[in-house]
Amino acid sequence: MDKTLQEVKAAPVELLAQAPWVACLTPQQWQRAQRETLLTRRSAGEVVSAKGTPARHWIGVLEGMVKVDGLSADGRSTTLSGVPSGGWLGEGSMLKHERRPYEVVALQDSWLALMPSATFDWLCETSLGFNQFLVRQLNARLGQFLAVVESHRIQTTTSQVAVCLCELVNPALCTPVTGALRLSQEEIARLCGLSRQVTGRALHELEARGLVAMRYGGIEVLDVAGLQAAVRGSPGHAPAGAAA
DNA sequence: TCATTAAATTGTT
DNA sequence: AACAATTTAATGA
């Protein structure tokens, strides 16, 4: 029995219109982009784009959340990145016209926007603003991943978790905040590449510092700036001018 | 609306 | 990793 989901706050079309790159387009460009972009719903756990398949679409998360998984030959998987609502992903494969190196899976019931590669290429060729958006996004992601590497190598597990949480609330990569993120500690642990045990401990520490609030099956980020600071800072100490 | 049951998530060893 | 406790969701009176 299909459940009629009436919980949708805004229509998918309206969410697409609010995408950050839309404002850069001319009316004609927006008209074609809107006409050719497919809006589709995926249930939690559904594969959006399988690893190894040709990248035919640029993927926008209008509502819900998806993750990017790396799969090994023996079926083991690790989560490389989480993309909440407002985020766009897969442009790397689009730009290189290659097959998807990673698997994209819906973490929750989600509304997705799939922009065909032909449309994507056309916007790249005709819209300066669109290119600028891509550069900003790629730059933001690079910074994010560098933070992950840095944190993994020289910081505590707590700051590793903080980094991964920052990714989910980074205004440069997704819609500011939707209240509490529906993400279990087990899913957060996969995102961080840590055990559930260690992740849980780190989350409680962040909660004790007033940066996040834990919910059953979810987490609310209370202080984005504080989280970003926790990425570098050592717990307990707050070096005044040591932001280098 | 309330009680019961199942499933998911979290805490503990 | 396995088990126990807790919370939420679903079902039916």
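Quick note: numbers below take in every heavy atom, side chains included, and nothing from hydrogens, waters or symmetry partners. So that the names make sense, note that chain A is the first sequence line, chain B the second, and so on, each numbered from 1.
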| request: Please state how far atom CD in A/Glu186 lies from atom C1' in C/dC3, giving the value in whole angstrom units. | output: 15 Å
| message | In this structure, how many angstroms lie between the C1' atom of B/dT10 and the CG atom of A/Leu183, rounded? | response | 14 Å
| request: Give the cluster check for A/Leu183 versus A/Val61: same hydrophobic cluster or not, with ILVMFWY residues linked at side-chain heavy-atom distances below 4.5 Å. | output: no
| query | With a 3.5 Å cut-off and just heavy-atom distances, do the side chain of A/Gln197 and the base of B/dT13 make a donor-acceptor pair? | reply | yes
| query | Counting side-chain heavy atoms from C-beta on, which of C/dT7, B/dG11, B/dT13 comes nearest to A/Tyr216? | reply | C/dT7
| Nearest-Å distance for atom pair CD/P, residues A/Glu207 and B/dT10 | 12 Å
| field | B/dG11 phosphate, OP1 or OP2, under 4.0 Å from A/His204 side-chain N/O | value | yes
| note | Taken to the nearest whole Å, CZ/A/Arg215 to C1'/C/dT8 is 15 Å
| query | So, A/Ser85 and A/Thr175: side-chain donor and acceptor under 3.5 Å apart, yes or no? | reply | no
| task | Could you check how far CD of A/Gln108 sits from P of C/dA9, rounded to whole Å? | result | 13 Å
| Length of the CG-P vector between A/Leu107 and B/dA8, whole Å | 15 Å
| query | Under 30°, 30 to 60°, or over 60°: which ring-plane class applies to A/Trp58 and A/Trp21, parallel, tilted or perpendicular? | reply | tilted
| message | Mind checking if A/Arg201 touches a base, just sugar-phosphate, or nothing, with heavy atoms under 4.0 Å? | response | nothing
| A/Gln185 CD to C/dT6 C1': how many Å, rounded? | 13 Å
| message | Output the rounded distance in Å from CD1 (A/Ile188) to C1' (B/dA8). | response | 15 Å
| request: Apply side-chain contact (heavy atoms from CB on, under 4.5 Å) to A/Glu167 and A/Ser81, showing your working. | output: CA-CA 8 Å; A/Glu167 177 183 353; A/Ser81 176; 2.5 Å; yes
